[in-house]
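It should be emphasised that the depicted structure is a prediction, and the values quoted were computed from it without experimental measurement. First listed ligand is number 1; within each ligand, the first listed atom is number 1.
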Amino acid sequence: MYNDNPTLEGISKEINEQQQGEVYFKAGNSTGSKHFYIESYGCQMNFSDSEIVGSILGEAGFQPTRNMEIADLILINTCSIREKAEDTVRRRLRIFDQVKRQRPGTLVGVLGCMAERLKSKFLEEEQLVDLVVGPDAYRDLPKLVGSAEEGQKGVNVFLSREETYADISPLRLDSNGVAAFISIMRGCDNMCSFCVVPFTRGRERSRNTFSIIAEATDLFERGYREVTLLGQNVDSYKWENPETQKVVNFAQLLEMVANVHPDLRIRFSTSHPKDITDEVLYTMARYENICKYIHLPVQSGNSRILELMNRTYSREWYMERVQRIYEIMPDCAISSDIIAGFCSETEAEHQETLSMMAYANYSMSYMFFYSERPGTVAARKYPDDIPLAVKKKRLQEIIDLQGQISHEVNQGDLGKTFKVLIEGSSKRSDADWKGRNSQNKMVVFPKKGNHQAGDYVYVKIHEATSATLLGEMISAH
Ligand code: 5AD
Ligand code: SF4
């Protein structure tokens, strides 16, 4: 419930969870006559999972469509992180119901975290849902779809300790052909007390290093120039080679991916403040193509609240990590996730979150107020006792401060020149390119010369808002 969030970052996050997360991939190797339509909500991991689902369905003879009205199978990949995200999914299901009434025989499937949380209850609650498939059961989709076609509703919410879909080559959905996600691990073992993810995505497991490198290499050869390594907690990546018993940690994985090609940019998300090591920071500093940007969610700036959240670090620990990042990489940008109004949070404790934001100088943040999730430790142990009006007031203060900080940080970029990877035409004007700098800031600049998406160019900044840098191309790479 953070739709009162007026920052651009907040809005784009909102759009992710709210809007039709409609996805489509250009016909790849799928030649079947049946069509599927898929919408994704929630985190990047969910969007990445939809690409795995696309690949599995492609193999089973389904073609993608952007038009749900011609689809034989309508899928929604869902998020449970806040109540609001679940409300959005329920609204979308009402729309799918109408399509289904017009075209009897159309199947509707619920995938992802909400499928995992509600399991077969979904089939009772939502009579028109035919399939409920959790994040570790996507390989079973063709079989479940087959049974559903025969009238047998299907549920598979089995959570695995091993599944990483390592061998599946994701079909790139709605891709700009420049930037892609690579999932490097699944699940989460952290047990933050507010969070439903350990229940919906299961235990943490890391994907085979070689399959990650192979995927990055393949993407580069197909023209992609940026990969984002995804996991709930990338710093705890750990894969043991069964032949040599050698263990690869996240810093080593980063280095291997960086070595795929100097023109392949590497990003990663999400880092956990308790786990991010100096080895990772030094590896980032050593490679120009590892982007100088770290998403390091603080959640709260107060040590007592952090303990209640079971974040396993203190305010001082977090500050030390921030200091170390800026020491090793003075040009690094840091962003955050922040929760306002967690159980029993006092006004003074909220003020510590504000002062932490100023200390860390976040380039941007995703900001939420606390939403109690059934089954979590917080829901069981701590009363959700901060009145909604107070949560909203604190959230607004956080949003306002972040707006100011982002504005100041971006003003500091005036006159600087950045290497920018062109992602495509700007949304506002076909005469402009848009792309990102290493710090993950969106840069918009007039087209000039003979460039295309996927090219690196140098852009000198002459104007900045709290969300975008505007500039002029000065020379090609
Ligand atoms: N209430 C509000 N925000 C939450 N998040 C996770 N769980 C909750 C919750 N119960 C936020 C955290 C997390 C981000 C993905 O969502 O800030 O980092
Ligand atoms: Fe939402 Fe978390 Fe599931 Fe991602 S992992 S879809 S953020 S509940």
Side-chain angles (χ1 to χ4, degrees), residues 1-3 5 9-10 13-14 16-18 21 39-50 53 76-89 110-118 134-136 157 159 181 183 185-204 230-234 269-274 295-301 305-306 308-311 335-343 345 353 357 362 364-382 384 386 388 391-392 394-395 398 402:
M1 303 213 174
Y2 48 96
N3 62 337
N5 182 336
E9 294 83 14
K13 179 88 169 179
E14 178 73 2
N16 267 356
E17 287 187 8
Q18 274 254 309
E39 283 182 14
S40 307
Y41 295 84
C43 61
Q44 293 168 330
M45 191 62 108
N46 250 17
F47 284 76
S48 167
D49 278 2
S50 290
V53 167
I76 182 159
N77 198 351
T78 60
C79 175
S80 287
I81 199 108
R82 284 167 293 274
E83 205 177 334
K84 178 79 179 290
E86 294 201 349
D87 294 343
T88 306
V89 167
V110 176
L111 313 179
C113 291
M114 220 172 146
E116 193 62 50
R117 199 176 80 72
L118 293 167
D136 285 345
V157 287
L159 282 176
F181 295 125
S183 160
M185 56 202 297
R186 299 182 72 80
C188 183
D189 281 352
N190 283 334
M191 298 301 284
C192 299
S193 64
F194 52 78
C195 190
V196 79
V197 173
F199 307 102
T200 61
R201 289 191 163 266
R203 298 305 297 269
E204 184 179 286
L230 286 184
Q232 303 298 340
N233 177 6
V234 290
S269 189
T270 298
S271 301
H272 196 298
K274 81 172 157 60
H295 185 56
L296 194 70
V298 68
Q299 313 296 2
S300 163
I305 294 293
L306 287 169
L308 288 184
M309 288 177 163
N310 195 31
R311 291 289 288 174
S335 63
S336 195
D337 290 349
I338 300 171
I339 299 178
F342 187 66
C343 314
E345 184 189 66
T353 297
M357 293 170 67
Y362 296 128
M364 69 105 152
S365 295
Y366 295 110
M367 301 157 281
F368 318 99
F369 62 70
Y370 174 58
S371 157
E372 186 177 88
R373 305 310 293 133
T376 56
V377 171
R380 281 185 276 126
K381 278 176 58 180
Y382 313 127
D384 181 10
I386 305 301
L388 188 60
K391 285 183 184 174
K392 285 190 169 173
R394 290 183 187 166
L395 176 60
I398 289 171
Q402 184 57 60

- Message: Run Y382 and S193 through side chain to side chain contact (heavy atoms under 4.5 Å, CB included) and show every step you take.
- Response: CA-CA 9 Å; Y382 313 127; S193 64; 4.2 Å; yes
- Could you go through the side chain to side chain contact (heavy atoms under 4.5 Å, CB included) check for Y362 and Q402 one step at a time? CA-CA 7 Å; Y362 296 128; Q402 184 57 60; 3.5 Å; yes
- Query: Going through the distances and angles, do V89 and E39 end up as a side chain to side chain contact (heavy atoms under 4.5 Å, CB included)?
  - Reply: CA-CA 10 Å; V89 167; E39 283 182 14; over 6 Å; no
- Query: Could you walk me through whether S269 and Q44 pass the side chain to side chain contact (heavy atoms under 4.5 Å, CB included) check?
  - Reply: CA-CA 9 Å; S269 189; Q44 293 168 330; 4.0 Å; yes
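Within the 4.0 Å heavy-atom criterion, both parts of I81, backbone and side chain, lie near ligand 2. Neither the backbone nor the side chain of E372 has a heavy atom within less than 4.0 Å of ligand 1. Contacts between C113 and ligand 2 below 4.0 angstrom, taking non-hydrogen atoms only, involve the side chain exclusively.
Of the N or O atoms in S371, one or more lie within a sub-3.5 Å distance of an N or O in ligand 1. Note: an N/O pair closer than 3.5 Å links D337 and ligand 1 by distance alone. Looking at ligand 1, you won't find any N or O of F368 less than 3.5 Å from one of its N or O atoms. Between Q299 and ligand 1, a contact under 3.5 Å exists for at least one N or O pair.
For R203 and D136, the salt-bridge test fails: no basic side-chain N is under 4.0 Å from an acidic carboxylate O.
Residue C43 has at least one heavy-atom neighbour below 4.0 Å for each of these atoms of ligand 2: 4 (Fe), 5 (S), 6 (S), 7 (S). Taking every non-hydrogen atom of I339 and a distance limit under 4.0 Å, the qualifying atoms of ligand 1 come out as 3 (N), 4 (C), 5 (N), 12 (C), 17 (O). Shown in contact with I81 at under 4.0 Å from a heavy atom are these atoms of ligand 1, numbered in order with element: 5 (N), 6 (C), 7 (N), 8 (C), 9 (C), 10 (N), 16 (O). Residue-ligand proximity, R201 to ligand 2, at heavy-atom distances under 4.0 Å covers atoms 3 (Fe), 5 (S). Near Q232, the atoms of ligand 2 lying under 4.0 angstrom from a non-hydrogen atom of the residue are 5 (S). Close approach of ligand 2 to N46 (heavy-atom distance below 4.0 Å) involves ligand atoms 6 (S). The contact set between ligand 2 and S80, taken as ligand atoms under 4.0 Å from a residue heavy atom, comprises 1 (Fe), 8 (S). For ligand 1, the atoms closer than 4.0 angstrom to any heavy atom of R373 are 10 (N).
M45 does not count as a contact of ligand 2, since none of its heavy atoms falls under 4.0 Å from the ligand. At a 4.0 Å cut-off, not a single heavy atom of G112 sits close enough to ligand 2 to count as contact. Within the 4.0 Å heavy-atom cutoff, F369 counts among the residues contacting ligand 1.
Pairing each heavy atom of R311 with each of H272, the nearest pair is O-CE1, 3.4 Å. Considering all non-hydrogen atoms of both residues, N310 and M191 come closest at ND2-O, 2.8 Å. The two atoms that bring D49 and N77 nearest to each other are CB-ND2, 3.9 Å, heavy atoms only.
Although no hydrogens or angles enter the test, the distance criterion places no donor-acceptor pair under 3.5 Å between the side chain of T200 and the main chain of E116. Without hydrogens or angle criteria, D189 side chain to E204 main chain gives a donor-acceptor distance under 3.5 Å.
Proximity of R373 to C195: side-chain heavy atoms (C-beta onward) are nowhere separated by under 4.5 Å. By the 4.5 Å heavy-atom criterion applied to side chains, K391 and D384 are counted as neighbours.
In summary, C79 places an N/O/S atom under 2.8 Å from atom 1 (Fe) of ligand 2, meeting the contact criterion.
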